[in-house]
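Below: the structure, in structure tokens.
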2 protein chains.
Amino acid sequence: MEQELKKITREILLGFWKVHILHHASEGPVVGQWMLNELQQHGYRISPGTLYPLLNRMERHGWLRSEVDAGAGLRARKSYYLTDRGRDVLRFLRERVEELRNEINEEARG
Amino acid sequence: MEQELKKITREILLGFWKVHILHHASEGPVVGQWMLNELQQHGYRISPGTLYPLLNRMERHGWLRSEVDAGAGLRARKSYYLTDRGRDVLRFLRERVEELRNEINEEARG
DNA sequence: CTGTTCCATATCGGTAACCGTAATCGATTA
DNA sequence: TAATCGATTACGGTTACCGATATGGAACAG
């Protein structure tokens, strides 16, 4: 069951968490380590080697922008904020999630 | 907007479509080419070089099993069916989708 | 039967993402 | 001034994604 969760994570859940991150960023700043902790508390696991490059990439995509917090060192904490473009992406994804949900969830149709 | 969709697809939508495939397989046989067409009709695009390895992988994971249809050639049409294990995975994913939806969709909470 | 077209899957080579682990760095505490 | 803590970066290996091309059988034309 542990290996199974790992497969599901790689194939599918990671994508869900990206949506989660965008949504989270729409409500307040997002910090890498917080996400690591939050997911772990829910029984999941995302590697730092996955999360941080992912955040960088989302910034490169123009969905997030980052601000270095206090002491401006190379390894200082970064807060990520949703951009306007990121907001558009999130809006789009909300619809896709709703569609998927309606499709696969019986109750949604009853 | 075309490039944007490509990024969103790679990052996130592909994962959604995997759930879609599992759900589809729970209601009847799934054939690769059908999925290619279906997604294209909805304005999306998945490369054959992505879809077919993906189906093979899901079979390797034990989520799907395949049957070669008529003439048993190397390139004959394959129909994929959901396994018991795949059904468990789908059940698990339904809950995750529901959670994600409740989190990001305002209406869901009202 | 041969050739052609159509449906469908497989394969290939390059690029990018994922992952665990180790390194790094500023701030706080001992 | 050494040790720990919070947090990010970097590295090397593995795997996934992708567009394009190759392959293979079926059905139909002639």
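Fair warning: this is a prediction, and the values are worked out from it, not measured in the lab. The sequence lines fix the lettering, A, B, ..., with proteins before strands; numbering per chain opens at 1.
Candidate nucleotides D:dC17, C:dC19, C:dG20 were compared by shortest atom distance to the side chain of A:Arg45, and C:dG20 ranks first.
Of the listed residues (B:Glu98, B:Arg94, B:Arg101, B:His23), just one forms a side chain to side chain donor-acceptor pair (under 3.5 Å) with A:Asn105, and that residue is B:Glu98. If you run side-chain contact (heavy atoms from CB on, under 4.5 Å) between B:Leu54 and each of B:Met35, B:Glu59, B:Lys18, only B:Lys18 comes through.
Atom-to-atom distance recorded for B:Leu22:CG and A:Ile104:CD1 is 9.5 Å, nearest 0.5 angstrom.
Around atom CD of B:Gln40, no more than 12 heavy atoms belonging to other residues, nucleotides or ligands sit under 6.0 Å away.
Regarding contacts with the backbone of C:dG20, a side-chain N or O of A:Ser47 is found under 4.0 angstrom from either OP1 or OP2. OP1 or OP2 of C:dC19 sits under 4.0 Å from a side-chain N or O of A:Thr50.
Atom-to-atom, CG of A:Leu51 to P of C:dA17 comes out at 14 Å; the value is rounded to the nearest Å. Rounded to an integer number of Å, the gap from B:Leu13 CG to D:dC17 C1' is 14 Å. Distance B:Lys7 NZ to C:dA16 P: 13 Å, rounded to the nearest Å. A straight line from CD of B:Gln40 to P of D:dG19 spans 11 Å, rounded to a whole angstrom. Whole-Å rounding puts the A:Ile46 CD1 to C:dA17 C1' distance at 12 Å. If you take CD1 of B:Ile12 and P of C:dA17, they are 13 Å apart, rounded to a whole angstrom. Rounded to whole Å, the distance from CG on B:Leu5 to C1' on D:dC18 is 15 Å. Taking atom CG on B:Leu55 and atom P on D:dC18, their separation rounds to 14 Å, with Å as the unit.
A:Phe92 and B:Tyr44 have perpendicular rings, their planes meeting at more than 60° on a 0 to 90° scale where under 30° would count as parallel.
Of all heavy-atom pairs between A:Val30 and A:Ile21, the closest is CG2-O, 4.1 Å. Heavy-atom minimum distance, B:Leu51 versus B:Gly32: CD2-O, 3.2 Å.
Residues B:Asp88 and B:Arg91 are paired through a salt bridge, judged by an N-O separation under 4.0 Å between the basic side chain and the carboxylate.
Using a 4.5 Å cut-off between side-chain heavy atoms of Ile, Leu, Val, Met, Phe, Trp and Tyr, B:Val31 falls into a hydrophobic cluster with B:Trp34.
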Base versus backbone protein contacts along nucleotides 6-16 of chain D [heavy-atom cut-off under 4.0 Å; B, S, -]: -BBBB----BS
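One end of the helix from C:dC1-D:dG30 to C:dA30-D:dT1 points its axis 0° away from the other end's axis, with each axis taken from 5 pairs and the angle rounded to 10°.
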